[in-house]
A.B. asks: 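This is the structure I want to talk about, given as structure tokens.
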Amino acid sequence: MVVAEPEALRRLDRIGILLLDTDALATGSYRLTDLIAVDDAPAGELAATAHRLFDGSVPERVQRDGAWALGPVARLTLQGRTGEGARKRLQREGARVVLGLAHGQRLLAVLSVVPEMHDAASAFVPAAQAAGLKAVAAGTCTTDVSVREADAVTEGGDRLLHSVRALQRDGDGVPSRESPGP
């Protein structure tokens, strides 16, 4: 290996954080995670039906099969329960989208939808921790099981550079393209 900038090697010992941009680790597809039954229908049967109807490439499109419908609750024709409390709970827990599963005009369950993470994402947090680094997740997918064990969570997206700078100001070694080090 030829090192074009040897000074960079001398700065590696200052790195103490692995910052995972979860938005960059997402595949672009989505998956169903949690299901909350709003009636006394068997959750297993509801989950099987929801998975059969779900299209991870267009999660917010209403999918129908006979009397069954899966889609955003506001876009379903419902009578009775709307699952509002369950929807709010799933959003607090990190759901990007919340869908309703209805049979006819009766809502039977609400389900959370989260971005699907790349297969390799699950290896980053344990590898960082094994190397003695603090793993920090940033972005909109910080509740995904692949990064749930991160040591901390910070803002991502448009605020990612701000988050890196804040960690650097706190004395943490976080590499960035804009600066040679902390």
A.B. asks: Is the shortest heavy-atom distance from the side chain of Leu167 to the side chain of Ile17 under 4.5 Å?
C.D. replies: yes

A.B. asks: Is there a donor-acceptor pair closer than 3.5 Å between any side-chain N or O of Asp151 and the backbone N or O of Ala135?
C.D. replies: yes

A.B. asks: Just by distance, with hydrogens left out, do Gln105 and Thr77 show a side-chain donor and acceptor under 3.5 Å apart?
C.D. replies: no

A.B. asks: Test your reading of the model: is there a side-chain donor-acceptor pair from Gln129 to the backbone of Glu149, 3.5 Å cut-off?
C.D. replies: yes

A.B. asks: To the nearest 0.5 Å, how far apart are CG in Leu76 and OG1 in Thr82?
C.D. replies: 11.0 Å

A.B. asks: Given the rule in the side-chain contact (heavy atoms from CB on, under 4.5 Å) test, do Leu18 and Lys134 qualify, once you have shown the distances and angles that lead to the verdict?
C.D. replies: CA-CA 6 Å; Leu18 172 65; Lys134 181 178 175 183; over 6 Å; no

A.B. asks: Please lay out, stage by stage, how Leu78 and Val73 fare under the test side-chain contact (heavy atoms from CB on, under 4.5 Å).
C.D. replies: CA-CA 8 Å; Leu78 299 174; Val73 175; 3.8 Å; yes

A.B. asks: Side-chain contact test, heavy atoms from C-beta onward, threshold under 4.5 Å: evaluate it for Leu160 versus Asp21 and give yes or no.
C.D. replies: yes

A.B. asks: CZ of Arg52: more than 12 outside heavy atoms within 6.0 angstrom?
C.D. replies: yes

A.B. asks: Indicate yes or no for a side-chain donor-acceptor contact from Ser163 to the backbone of Glu155 under 3.5 Å, with no hydrogens or angles considered.
C.D. replies: yes

A.B. asks: If I take atom CG from residue Leu70 and atom NE2 from residue His51, how far apart are they, to the nearest 0.5 angstrom?
C.D. replies: 10.0 Å

A.B. asks: If you look at every heavy atom in Ala138 and Leu19, which pair is closest and at what distance?
C.D. replies: CB-CD1, 4.1 Å

A.B. asks: Measuring from Leu108:CG to Ile36:CD1, what's the distance to the nearest 0.5 Å?
C.D. replies: 14.0 Å

A.B. asks: Output yes when a side-chain donor or acceptor of Thr27 lies under 3.5 Å from a complementary backbone atom of Glu116, and no otherwise.
C.D. replies: yes

A.B. asks: Determine yes or no for a side-chain-to-main-chain donor-acceptor pair under 3.5 angstrom, with Arg75 supplying the side chain and Glu60 the backbone.
C.D. replies: yes

A.B. asks: From Thr22 OG1 over to His118 NE2, what is the distance, rounded to the nearest 0.5 angstrom?
C.D. replies: 14.5 Å

A.B. asks: Testing Val110, Leu35, Leu99, Thr33 for side chain to side chain contact (heavy atoms under 4.5 Å, CB included) with Leu90, which one passes?
C.D. replies: Val110

A.B. asks: Can you tell me how far the CZ atom of Arg87 sits from the OG atom of Ser112, to the nearest 0.5 Å?
C.D. replies: 13.0 Å

A.B. asks: May I ask you to check whether Arg165 and His162 show a side-chain donor-acceptor distance below 3.5 Å?
C.D. replies: no

A.B. asks: Testing Leu111, Val113, Leu101 one by one against Phe54 for a side chain to side chain contact (heavy atoms under 4.5 Å, CB included), which residue passes?
C.D. replies: Val113

A.B. asks: Side chains of Val114 and Leu32, heavy atoms from C-beta outward: is any pair under 4.5 Å?
C.D. replies: no

